[in-house]
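Quick notes on the structure that follows.
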Amino acid sequence: MRRRDEKFPDNGFEAWGGYMQAKIAKLEEQYCLQAGKNEKLSNIFNGVSIYVNGFTTPSAEELKELMSQHGGVYHTYQRSEDFVIASNLPDTKVKNMSLARVIKPEWITESIAANQLLDYKNYLLYRNSRTQPQLNFCKNIKNEVSKVEPIPLESSNTPKSEKMLEVKEECVPISVNSTSHTDVIVDQSHEISDLKKNENSTKTAADPNFISEFYNNSRLHHISQLGACFKQHVNDLRENSNFKFPARMALKDRVCLLDNPANLSPLSFEKGKTIMHIDMDCFFVSVGLRNRPELRGKPVAVTHSKGGQARPKRAGVDRNTEFSLYRQKQAKKLSKVNGIPEEEIEFESRVDNITDEDEKYGSMSEIASCSYEARDKGISNGMFMGAALKLCPNLQTIPYDFDGYKEVAYTLYNTVAQYTLHIEAVSCDEMYVDCTELLKDINISVQDFATVLRAEIKEKTGCPCSTGFGGNRLQARLATKKAKPDGQFFLTADLVEDFMVDIKLKDLPGVGRQTTHKLESIGHSTCGSLQSLSLITLQRHLGNKTGAQLFDQCRGRDLNPLSFHTIRKSVSAEVNYGIRFENNDQCIEFLKQLSAEVHSRMIQYKVLGKCITLKLMVRAEEAPVETAKFMGHGFCNVVNKSTSLNNATNDVEIITKEVIALCKKQNVDPKEMRGIGIQVTKLESSNAKPTKGAMSKFLSTTKPIKDDLKCENVSDSMEEDFVENKNICVRPKYVSPQKVKTSSSPKHKSPVMESRKSPPAKRRGRPPKNSKPNQSTSKNLMNKFLQGPNIRDTPYKDPMIKGQSISKDTPLKDPIIKKIDVNEIVQEPSSSKDTVKEEKSQGLLGLPWEKVRELLRAWLESGQMPLPCDVEMISEYLCAMVISRNIDKLNIILNFLKRRTREMNCDRWLEVYEQILEQVQNTMIAVYGKKLFIK
DNA sequence: ATCCTCCCCTAC
DNA sequence: TAAGGTAGGGGAGGAT
């Protein structure tokens with residue numbers, strides 16, 4: 001079965017997102033090498049670069065070779081200057097893309113045959129762009145290919161001409177993947193007869209290709225994946241950086257070249273911090289307009305729909321009923337908040353101006369992004385195409401270009417990352433950057449910095465962006481909004497108070513539709529107005545946290561620090577489109593596929609999970625069977641059910657089994673299902689389990705066990721893997737006592753599962769401790785990482801990854817005073833119920849040195865101050881490295897710590913470093929008789 | 001009080 | 001036609 005990995009052929013962050021550019025460079029390097037080796041036959045293609053899209057004859061591989069032999073350039077990823085070589089393009093892609101440079105492969109072969117560069121215009125795949133494409137089947141060119149025969153294609157061992165002929169016979173271009181730009185070569189011998197079917201039948205989730213087809217086309221899926229990708233990218237950049245930024249000098253030079261450098265009075269932001277928020281302007285549209293200059297300045301929208309054509313209504317659709325159900329539900333909610341009877345409530349709804357009668361404006365394709373010209377007409381993102389056309393009949397539509405978004409985003413991030421890595425990725429086109437240190441370092445004005453950076457981004461990406469600056473992330477963000485489009489704005493400390501008064505509540509981050517409605521229903525729509533409410537009042541309406549957050553926000557305050565490091569807490573996959581089952585088997589089959597999808601993501605993210613949740617959307621009884629949106633979910637009831645496993649797993653069998661069980665328990669008629677989602681939480685790293693560590697042997701006798709680290713014996717073990725390591729079991733006190741029973745069956749095959757109904761039974765044999773995990777952890781941050789002993793580079797079970805947040809347990813006495821985001825740094829070791837088999841607590845000692853470094857890094861970045869017990873714990877760890885004569889790694893960590901504490905320029909941390917160093921040196925003298933040499 | 005489960009809300 | 005995903009924060013209410 002074709003899965004979406006085809007679209008992300010590298011199946012993982014490394015290649016798909018984060019290392020994209022490296023990958024491109026590598027591919028091209030390989031190409032150059034190869035090209036260099038091959039004999040040059042001509043220079044016909046000097047100055048010509050091509051990019052091959054989809055299946056072609058000759059194949060991409062062969063075209064690459066031909067280009068190489070004849071002086072041309074072959075790109076693995078599409079550049080704007082490339083000719084696109086294609087034998088066929090998926091219908092969807094053709095509809096609106098710029099086709100002026102889409103050329104048939106015969107252009108290459110015939111040019112070679114003629115030994116001169118022929119006019120590509122004679123080989124356009126589509127003569128009139130934006131008209132119905134003429135499908136160009138390979139068979140048509142069978143005879144022409146003979147012209148190419150003299151060309152020495154046989155430079156490899158494969159008899160290519162034969163292969164080509166063979167392929168030609170069988171080849172029919174298939175629109176497998178509208179966004180793939182790698183070759184999709186499929187064995188089609190059995191698929192020709194399926195072509196028609198293929199075009200029409202991947203409609204519902206009962207089709208085996210549905211999931212990949214859907215994900216390939218889902219903008220929300222891509223937005224989500226890209227977001228995760230760039231968060232990871234920032235993680236990776238930081239991980240691999242030496243935090244030297246030579247590009248800063250070039251930046252400074254560019255500032256010097258500015259025509260109008262900012263005048264000298266420096267801007268000052270609250271708390272002396274300079275936080276920048278960058279956001280690309282209508283990102284999808286901007287990317288799409290790069291190759292469509294003719295559409296600039298016009299109202300443009302990115303959508304699946306071509307728009308415009310009136311379509312007959314599908315039988316059974318009853319939009320009026322469906323939409324009225326949405327409105328009723330909304331009214332009910334609001335009524336609950338403000339006490340006004342449902343019937344009297346007025347509010348705006350996105351379905352308001354859509355009715356059954358409007359066939360011409362009936363498209364319910366959503367607008368992913370629209371240009372500012374379109375916004376001027378009242379169009380907004382998320383609006384249905386029909387409604388948008390009503391507002392602006394000449395709205396131009398362009399298709400999605402998910403690969404383009406990825407490339408541009410990658411360029412954006414790398415541009416910023418040249419100057420600083422104090423970056424918090426928000427999404428593929430948006431980030432926060434703490435510029436405080438950067439600006440101080442190169443001593444330029446923030447205005448000049450913004451000007452130069454934005455110019456650079458525009459130059460490199462071809463897309464405009466806006467930046468906002470403030471003393472915290474909220475201010476920066478609001479500043480960006482003010483700056484848009486294609487501008488910059490500086491919300492300096494002196495402006496904040498006045499600025500906030502007029503800010504609309506709905507423009508505050510975190511205030512969405514519901515909250516806006518709630519606040520409006522109690523009479524407030526601006527920050528200035530909301531400032532009159534007391535904290536208590538706000539909390540009563542919105543809850544403690546949200547109320548406090550809003551209380552701060554409407555005054556321009558935001559105590560949430562940027563977080564540069566992200567830790568995943570859940571993995572999920574859901575499909576709420578195209579779910580139409582005729583029978584139970586189809587439903588089960590889909591559950592299996594979706595489970596496999598979740599499984600594959602868990603592999604990709606290297607996590608195991610203990611809690612599986614199934615989400616079902618089921619048609620509400622009153623809702624029409626036929627949905628207003630084609631294959632949409634319509635008006636539904638939503639149910640979530642979860643199951644807690646004893647052991648964290650990523651086993652596809654277990655996941656599938658649990659999911660099916662959860663589904664059966666719901667007893668829903670498969671015909672009524674409209675959406676299905678699977679989520680896995682309580683994550684742990686799936687890295688290898690701890691192995692026996694030598695360190696513990698001598699350390700356990702030398703380490704006093706701290707009070708809050710008190711450990712206990714574990715009488716039974718969690719899994720076989722652990723049993724043999726029982727001698728080294730350690731566990732911190734704060735870990736929840738719930739434990740996992742021994743299983744004698746092989747770990748991942750064991751279907752032993754515990755229903756969530758079961759009591760937290762595993763507590764037997766263990767006194768309930770740990771009623772306050774967060775308290776003990778906040779006492780000593782390092783405690784959270786306790787783990788089985790392990791030295792050096794042996795595989796380990798990483799306890800700090802993907803655990804649960806400890807923060808939600810922290811009660812906020814004063815909701816205005818927010819906690820520092822500790823959970824960004826540290827996580828409880830796996831689930832609180834998890835049992836790491838350990839005999840006694842040994843702090844960090846079980847962790848490999850890289851993990852400790854990672855932990856230190858995250859901690860340093862968090863702004864958390866170390867406590868004496870933390871210092872002691874770090875010292876212990878490093879001293880243990882001395883004892884185990886692991887000096888080279890010790891050196892790395894010490895140097896790391898030294899460098900970072902210097903960088904931070906924080907007295908407390910410098911002091912910490914000195915303390916730690918002292919202890920290490922003492923141990924060095926004890927063990928080696930001399931001190932460690934530190935650069 | 002605190003935890004857990006099942007939601008709801010938000011953002012991109 | 002149309003591609004209504006995904007992760008995180010947080011609240012309500014029941015169990016402990």
Side-chain angles (χ1 to χ4, degrees), chain A residues 92 178 202-205 210-228 230-231 279 283-284 303-306 309 311-314 317 333 362-366 368-369 381-382 384-386 400 425-430 508-516 518 539 542-547 549 560 566-579 601 611 613 615 617 627-634 636 638-644 674-675 677 679 681-682 736 738 756-757 759-760 768 770-774 805 807-809 811 823 832-833:
Chain A
T92 48
S178 64
T202 314
K203 288 290 167 46
T204 76
F210 180 79
I211 291 187
S212 84
E213 188 81 5
F214 171 66
Y215 278 147
N216 279 337
N217 290 297
S218 162
R219 79 187 194 281
L220 291 172
H221 171 77
H222 282 90
I223 288 171
S224 176
Q225 296 298 300
L226 286 169
F230 284 97
K231 282 175 188 170
D279 195 354
F283 186 51
F284 286 9
T303 160
H304 282 298
S305 154
K306 291 189 293 285
Q309 295 118 325
R311 287 196 170 262
K313 198 174 69 172
R314 296 184 330 273
V317 171
K333 269 186 209 162
S363 169
M364 289 194 66
S365 175
E366 286 176 42
S369 174
N381 294 352
F384 293 126
M385 190 55 196
Y400 290 91
V426 177
S427 70
C428 63
D429 76 324
E430 185 183 345
L508 293 175
V511 178
R513 283 166 57 94
Q514 305 301 326
T515 314
T516 306
K518 273 189 197 177
Q539 287 177 316
L542 300 165
N544 277 344
K545 293 230 180 181
T546 319
Q549 170 91 353
N560 298 318
T566 58
I567 297 169
R568 172 181 291 270
K569 292 169 184 155
S570 70
V571 176
S572 68
E574 65 184 275
V575 176
N576 302 308
Y577 176 84
I579 302 290
R601 293 184 195 182
C611 183
T613 305
K615 172 185 159 186
M617 293 186 84
T627 54
K629 187 200 278 268
F630 174 70
M631 285 294 141
H633 55 60
C636 282
V638 183
V639 207
N640 284 277
K641 287 295 170 214
S642 61
T643 244
S644 278
R674 293 292 182 268
Q679 185 187 42
T681 50
K682 299 190 182 168
S736 160
Q738 169 156 10
R756 76 198 161 87
K757 301 286 181 204
N770 174 25
S771 37
K772 309 175 181 179
N774 54 309
S805 160
S807 66
K808 66 173 139 196
D809 309 318
N823 52 314
S832 55
K833 293 176 185 168

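Every chain is numbered from 1, with letters handed out A, B, ... down the list of sequences. Treat the numbers as computed from the prediction; the structure is a model and nothing was measured.
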For [X] and [N], give me the distance from atom [atom1] to atom [atom2], rounded to whole Å.
X: N560(A); N: dG8(C); atom1: CG; atom2: C1'; result: 13 Å
X: K518(A); N: dG11(C); atom1: NZ; atom2: C1'; result: 9 Å
X: F210(A); N: dG5(C); atom1: CZ; atom2: C1'; result: 12 Å
X: I223(A); N: dT10(B); atom1: CD1; atom2: P; result: 18 Å
X: L226(A); N: dT6(C); atom1: CG; atom2: C1'; result: 12 Å
X: Y577(A); N: dT6(C); atom1: OH; atom2: C1'; result: 19 Å
X: M364(A); N: dA2(C); atom1: CE; atom2: P; result: 8 Å
X: M617(A); N: dA3(C); atom1: CE; atom2: P; result: 14 Å

> To the nearest 0.5 Å, what is the distance between CZ (F630(A)) and CE (M364(A))?
Replying inline: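 It comes to 13.0 Å.
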>> Quick check for you: to the nearest 0.5 Å, what is the distance between M385(A) atom CE and S305(A) atom OG?
In response: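 So the gap between those two atoms works out to 5.0 Å.
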Does [X] have a side-chain nitrogen or oxygen under 4.0 Å from the phosphate oxygens OP1 or OP2 of [N]?
X: K569(A); N: dG9(C); value: yes
X: R219(A); N: dG4(C); value: yes
X: R513(A); N: dT10(B); value: no
X: K629(A); N: dA3(C); value: yes
X: Y400(A); N: dA3(C); value: no
X: R568(A); N: dT6(C); value: no
X: K682(A); N: dT5(B); value: yes
X: T613(A); N: dT5(B); value: no
X: S218(A); N: dG5(C); value: no
X: S363(A); N: dT1(C); value: no
X: N640(A); N: dT5(B); value: no
X: K306(A); N: dT1(C); value: yes
X: T515(A); N: dT10(B); value: yes
X: H221(A); N: dA3(C); value: no

Applying a 4.0 Å non-hydrogen cut-off, can you work out what [X] is touching in the nucleic acid: base, sugar-phosphate, or nothing?
X: I579(A); result: nothing
X: S427(A); result: sugar-phosphate
X: G227(A); result: nothing
X: E430(A); result: sugar-phosphate

State which of [options] makes the closest approach to the side chain of [X].
X: S644(A); options: dT5(B), dT1(C), dA3(C); answer: dT5(B)
X: S572(A); options: dC7(B), dT6(C), dA3(C); answer: dT6(C)
X: S224(A); options: dG10(C), dT6(C), dG4(C); answer: dT6(C)
X: F214(A); options: dA3(C), dC12(B), dG10(C); answer: dA3(C)

>> Main chain of S218(A), side chain of H222(A): is a donor-acceptor contact present, judged purely on distance under 3.5 Å?
In response: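 Side chain of H222(A) to backbone of S218(A), a donor-acceptor pair under 3.5 Å: yes, one is there.
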What residues, two or more places apart in sequence or in another chain, satisfy side-chain contact (heavy atoms from CB on, under 4.5 Å) together with [X]?
X: A425(A); result: K231(A), V234(A), Y413(A)
X: T613(A); result: C611(A), N640(A), S642(A), Q679(A)
X: T546(A); result: L542(A)

>> Can you tell me if H633(A) is stacked onto the base of dG4(C), using a 5.5 Å centroid cut-off and an angle below 30°?
In response: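 The ring of H633(A) is stacked on dG4(C).
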> Mind checking the C1' distance from dC9(B) to dG4(C)? Whole angstroms is fine.
Replying inline: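 These two C1' atoms come out 16 Å apart once rounded.
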> Of all residues at least two apart in sequence or in a different chain, which pass the side-chain hydrogen bond (donor to acceptor under 3.5 Å, both in side chains) check with T515(A)?
Replying inline: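 With sequence neighbours excluded, T515(A) shows a side-chain hydrogen bond (donor to acceptor under 3.5 Å, both in side chains) to no residue whatsoever.
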>> Under the rule for side-chain hydrogen bond (donor to acceptor under 3.5 Å, both in side chains), what residues qualify as partners of S427(A), not counting sequence neighbours?
In response: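 Listed in chain order: D429(A).
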> Closest nucleotide of DNA chain C for E366(A) versus for E574(A): which of these residues is on the 5' side?
Replying inline: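 Going by which nucleotide is closer to the 5' end, it is E366(A).
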>> Please compare S570(A) and G547(A) by the position of their nearest nucleotide in DNA chain C and report the one closer to 5'.
In response: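 Checking each residue's closest nucleotide, the 5'-ward one belongs to S570(A).
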> So do the side chains of F284(A) and I223(A) get within less than 4.5 Å of each other, counting heavy atoms only?
Replying inline: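 Yes; the side chains approach each other to less than 4.5 Å.
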> Can you find a pair of side-chain heavy atoms, one from K615(A) and one from S572(A), that are under 4.5 Å apart?
Replying inline: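 The answer is no; the side chains never approach within 4.5 Å.
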Are any protein N/O atoms closer than 3.5 Å to N/O atoms in nucleotides 12-14 of chain C? If there are, list each pair with its distance.
none

